[in-house]
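FYI, side chains are in, hydrogens and waters are out, and symmetry mates aren't considered; it's all heavy atoms of this structure. Remember, it's a predicted structure, so these values are computed and weren't measured experimentally.
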Amino acid sequence: MACCKSSAAFHIITFFFFFVIFLKLDLSYQISTVESEDCTNRWIYVRWLPSRFNFDLLSNCSAYPLFGDFCSYLQNHGLGPKTHNDSHSWYRTDPLLLELIFHRRILEYPCLTQDPASANAVYVPYYAALDGLKYLYGSETNFSRRHGLELYNFLRYDDQPEIWDRFAGHDHFLVMARPAWEFSQPLHVDPPVWGTSFLEVPEFYNVTALLPEGRTWPWQEQAVPYPTSYHPSSLNLFESWVKRVRNSRRSTLMLFAGGGGVGANPNIRRSIRNECKSNHSSEVVAAAGGGGHFNKVCDIVDCSNGICEHDPIRFMRPMLRATFCLQPPGDTPTRRSTFDGFLAGCIPVFFEEQSAKSQYVWHLPGEMYDEFSVFIPKEDVVFKGLKIVDVLMSIPNAKVRRMRERVIELMPGVIYRRHESTLGLKAKKDAFDIAIEGTLERIRSKLKVSSQ
């Protein structure tokens, strides 16, 4: 065991060394090559933080047994290890490392500046979700209302306070790799409930937070896509995958990849499982709607206990065979599976608007939802007996084909391409690019309002 721990520590130290060296080299490179870009209203300043706010947190990757060990997923700057040796685009990505992925990608952003006074936005490379683990699973569970205060004191008082004071933090933004509710514990609840109070701390009210799931009010945070396991590095690799998606034979009408729904209480996941079970004996379905001829009405990929999280092969092949992917809410409204389905060209079926429509407004415009998704109110399924299969089979084949094509068109904007991608692929805006554009526009709007 001591040997294994020493080996893990060696890999982590090696990771830190090369990552820090890369940060220094890449920042100077980007600043020297920015002349070819139009950076009007696009300048970003990256605030320097002591390593206790980011890199040191990675060394705690095995410190919380109740949460799990994520040391092996630090590889490739947070993309994780490749799914197999010959893989060029597929990784075992842990969504908790979105902060690290984003940090690595922002160093390739063409409009970085070393002058904070000329910046349109200020990026804070704080690994908030990783730092939050000590309050959720570590020794500081009774002090979760303190989450973020040390960071605030550093930004506001210890290091160049004039950067914060310029706009009282309105121009600052950061990434948080967990849903907002995990950072929304009320400050004065005793005893503390689950989560930390980062988003409830008044000192951070002006900062924009990018998370995979936001709350219903939009002032403080904005939802961005969960990272999937697909991170292509070239246009050829991406176009090859798109070709496979388009040519995939859709032999299953609908698919659910997930867990839950096995208890006695009525809920949408239980209804889905019951409907799939009742249709399991149907071997061949031919109809005028739903997309055509199917060998199977419904398929379930059981992802209970997180067994699919780092193994995309478990669900991606079934998704490629499915026409519709059911995306019911679970503990929270959103699902990483929504974006896995986009990769497979599988038309999403939502059961509440907070699952996507009210969340990812930058990446999936609300006025387009009827063009690429199906909405079925969960109450109609759970309490009124509406059959999902009836709704899907009623959709004309021509419309199904148009919806799938729209899903494929939206695919580039919901994936995070690999760092150091080719210029051809960089011409297609990915989830990171769209998030940066949205953040800059949001900060402009906030500064305009705050100045009035």
Any chance the side chains of [X] and [Y] put a donor and an acceptor closer than 3.5 Å?
X: His103; Y: Asn54; answer: no
X: Arg215; Y: Ser184; answer: yes
X: Tyr135; Y: Arg145; answer: no
X: Asp56; Y: Ser51; answer: yes
X: Glu420; Y: Ser233; answer: no
X: Asp302; Y: Ser304; answer: yes

Distance-only, no hydrogens or angles: does the [X] side chain make a donor-acceptor pair with backbone N or O of [Y] under 3.5 Å?
X: Ser421; Y: Lys426; answer: no
X: His77; Y: Leu74; answer: no
X: Arg166; Y: Pro116; answer: yes
X: Ser271; Y: Asn267; answer: yes
X: Ser234; Y: Leu237; answer: yes
X: Ser197; Y: Gln185; answer: yes
X: Thr439; Y: Ala435; answer: yes
X: Asn305; Y: Ile307; answer: no
X: Gln222; Y: Gln359; answer: yes
X: Glu99; Y: Pro125; answer: no

Can we call the ring centroids of [X] and [Y] under 6.0 Å apart?
X: Phe339; Y: Tyr360; value: yes
X: Tyr230; Y: Tyr416; value: no
X: Phe154; Y: Tyr157; value: no
X: Phe375; Y: Tyr369; value: no

Once the angle between the rings of [X] and [Y] is folded into 0 to 90°, is it parallel (under 30°), tilted (30 to 60°) or perpendicular (over 60°)?
X: Phe183; Y: His147; answer: tilted
X: Trp194; Y: Tyr137; answer: perpendicular
X: Phe53; Y: Tyr126; answer: perpendicular
X: Trp241; Y: Trp90; answer: perpendicular

Presence of salt bridge, [Y] and [X], under 4.0 angstrom:
X: Glu213; Y: Arg178; value: no
X: Asp131; Y: Arg52; value: no
X: Asp433; Y: Arg105; value: yes
X: Arg104; Y: Glu108; value: yes

Can you tell me if [X] has over 12 outside heavy atoms packed within less than 6.0 Å of its [atom1]?
X: Arg317; atom1: CZ; value: no
X: His84; atom1: NE2; value: yes
X: Asp115; atom1: CG; value: yes
X: Lys428; atom1: NZ; value: no

Distance-only donor-acceptor pairs under 3.5 Å for side chains of residues 344-357, two or more places apart:
unit_1: Glu352; atom_1: OE1; unit_2: Lys378; atom_2: NZ; d: 2.6
unit_1: Ser355; atom_1: OG; unit_2: Pro333; atom_2: O; d: 2.8
unit_1: Ser355; atom_1: OG; unit_2: Glu352; atom_2: O; d: 3.4

Considering only heavy atoms from C-beta outward, does the side chain of [X] approach that of [Y] to under 4.5 Å?
X: Arg246; Y: Glu405; result: yes
X: Leu199; Y: Met176; result: yes
X: Phe173; Y: Val122; result: no
X: Asp299; Y: Cys276; result: no
X: Leu79; Y: Leu97; result: no
X: Lys82; Y: Gln75; result: no
X: Leu326; Y: Ile268; result: no
X: Leu364; Y: Val414; result: yes

Would you name the heavy atoms of [X] and [Y] that are closest together and state the gap between them?
X: Leu155; Y: Trp164; answer: O-CB, 3.8 Å
X: Asp94; Y: Leu96; answer: OD1-N, 2.9 Å
X: Leu255; Y: Ala322; answer: CB-CB, 3.7 Å
X: Thr93; Y: Arg336; answer: O-NH2, 2.9 Å
X: Pro328; Y: Phe256; answer: CG-CE1, 3.5 Å
X: Leu410; Y: Met368; answer: CD2-CE, 3.9 Å

> Could you walk me through whether Phe432 and Phe102 pass the ring pair (Phe, Tyr, Trp, His ring centres under 6.0 Å) check?
Replying inline: CA-CA 7 Å; Phe432 170 87; Phe102 204 97; 4.7 Å; yes
>> Working note: Arg92 + Glu309, criterion salt bridge (charged side-chain N to carboxylate O under 4.0 Å, His left out); need CA distance, chi angles, decisive distance, verdict.
In response: CA-CA 8 Å; Arg92 302 188 187 280; Glu309 188 170 39; over 6 Å; no
>> Going by the rule side-chain contact (heavy atoms from CB on, under 4.5 Å), which residues pair with Thr40 if we only count those two or more places apart in sequence or in a different chain?
In response: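 If we apply the side-chain contact (heavy atoms from CB on, under 4.5 Å) test to Thr40, skipping adjacent residues, the hits are Asp38.
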>> side-chain contact (heavy atoms from CB on, under 4.5 Å), that's the test. Do Val201 and Tyr152 meet it? Break it down for me.
In response: CA-CA 10 Å; Val201 175; Tyr152 173 77; over 6 Å; no
> Could you go step by step and tell me if Tyr109 and Tyr123 meet the ring pair (Phe, Tyr, Trp, His ring centres under 6.0 Å) rule?
Replying inline: CA-CA 12 Å; Tyr109 180 69; Tyr123 169 60; over 10 Å; no
>> Tyr91 and ring-ring contact (aromatic ring centres under 6.0 Å, His included): which single residue from His310, His231, His419 fits?
In response: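 Looking at His310, His231, His419, the match for Tyr91 under the ring-ring contact (aromatic ring centres under 6.0 Å, His included) is His231.
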> Please walk me through it: do Asp171 and Asn120 pass side-chain contact (heavy atoms from CB on, under 4.5 Å)?
Replying inline: CA-CA 7 Å; Asp171 57 343; Asn120 303 105; over 6 Å; no
>> Walk me through whether Val224 and Leu211 qualify under side-chain contact (heavy atoms from CB on, under 4.5 Å).
In response: CA-CA 6 Å; Val224 297; Leu211 318 93; over 6 Å; no
> Can you check side-chain contact (heavy atoms from CB on, under 4.5 Å) on Val449 and His170, steps first, answer last?
Replying inline: CA-CA 10 Å; Val449 170; His170 279 289; over 6 Å; no
